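Encoded as structure tokens, the structure appears first; notes follow it.
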Amino acid sequence: MVAERAAERAAVRRAARLRALAAVLLLPALAAAARAETLDRDRVALFVERMVGEHGYRRDLLEDAFRGVSVSHEVLERIRRPAEKLAWGDYRKIFITPQRVEQGVEFLRRHAEVLGRAEEVYGVPPEIVAAIIGIETYYGKNKGQHGVLAALGTLAFHYPPRAAFFEKELEQYLLLTRERGLEPKTLKGSYAGAMGIPQFLSSSYRNYAVDFDGDGDIDIWQSYEDAVGSVANYLSRHGWSGGRPVASPLRMDDSLYERLKLEGDGAELRVRTERLPFVRGAPLLADAEARVLRLVSGGRNEYWAGFDNFGVIKRYNRSDLYAMAVARLGELLKGGGARGERGEER
Ligand SMILES: [Ca+2]
């Protein structure tokens with residue numbers, strides 16, 4: 001009897017504990033489910049199947065990783081309206097501000113040693129590495145607040161235009177977290193799943209990030225040295241040519257542009273450098289050919305010659321505006337923060 005009563009009391013206590021636990025664990029989940037839809041179950045199941053087959057994942061662990069991950073409508077909103085759809089004049093106002101220039105000059109000063117070392121090893125000048133980090137994360141200050149698993153899951157399974165691309169990144173992300181011994185839900189990044197000081201996608205991290213402070217770990221999240229080395233290595237591996245120009249302003253009018261365009265094949269306009277009307281003469285070591293860029297600023301057309309290194313920056317982000325912002329910010333940083341010849345801060 002006594003034993004029975006003891007067992008009964010224990011059972012009652014267990015039930016009470018379970019109810020308390022359920023309240024803690026389930027209520028927030030139920031509340032979240034009411035306002036959020038989880039990732040498409042069939043797509044996730046197919047993906048998990050592939051990861052099990054190709055990479056030897058344990059199915060239950062991977063299913064656990066995806067449990068409760070919601071579609072992010074903010075991510076979908078952001079990818080449909082990227083800043084890169086703006087006119088150059090508006091884009092420039094966001095990314096080239098006096099504050100960003102000032103802090104970039106400080107970044108160059110503070111990280112001079114490692115930036116110099118990166119230039120020696122990879123041939124990429126300090127101001128270009130600094131400009132990329134400045135535009136990506138405000139010199140490491142804004143590394144992104146989106147859960148990477150939810151962002152990549154949303155884009156891979158709920159954004160058909162780029163589903164294949166982001167499914168590959170999701171695969172790379174899971175491999176990355178496994179290699180680093182991290183829970184897939186832990187890392188944060190941009191709405192597109194880019195991470196750390198240089199905002200590398202997972203595939204870029206696994207292919208191009210380097211340990212540049214020699215501590216045996218490739219840490220683009222905390223180590224500025226690894227971040228700087230990784231950006232320089234990325235550009236170098238994509239064909240950066242040391243000492244050559246990136247972009248140079250042209251004194252071109254719309255009618256000359258249209259004429260040149262007629263000679264071209266309709267794709268991007270490439271012209272032999274000696275034929276181009278540079279504002280200050282062709283830059284030293286200019287490539288034989290340049291792309292002619294027409295950018296809209298303040299309702300007027302601006303013309304620029306973009307050299308091969310301009311195309312290399314576009315491997316980081318495929319927008320002309322992005323590459324131009326890196327080039328212009330880099331110029332301003334190199335000049336120690338003095339105003340550019342075209343008055344960037346207008
Ligand atoms: Ca390191």
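All ligand and atom numbering here is 1-based and tracks the order in the structure. All figures in this text were calculated on a predicted structure; none of them were measured in a lab. Here, residue 1 is the first one in the sequence, and each next residue gets the next number.
Cation-pi geometry between Arg178 and Tyr57 is met: the NZ or CZ atom falls under 6.0 Å from the ring centre, inside 45° of the normal.
Closest approach between the Ca ion (ligand 1) and any N/O/S atom of Asp211 involves OD1. Among heteroatoms of the N, O or S kind in Asp226, OD2 lies nearest the Ca ion (ligand 1). Looking at Asp213, its N, O or S atom nearest to the Ca ion (ligand 1) turns out to be OD1. Looking only at its N/O/S atoms, Asp217 has O as the one nearest to the Ca ion (ligand 1). The name of the N, O or S atom in Asp215 nearest to the Ca ion (ligand 1) is OD1.
Side-chain atoms of Glu171 and His55 form a donor-acceptor pair, as typed in the model, at a separation below 3.5 Å.
In this structure, Lys168 places its NZ atom where only 12 or fewer heavy-atom neighbours from other residues, nucleotides or ligands lie under 6.0 Å away.
For the pair Leu149 and Tyr173, the minimum side-chain heavy-atom distance is below 4.5 Å.
A salt bridge links Arg244 and Asp287; the closest N-O separation between the charged side-chain nitrogens and carboxylate oxygens is under 4.0 Å.
Residue contact annotation: Glu225 places no N/O/S atom under 3.0 Å from the Ca ion (ligand 1).
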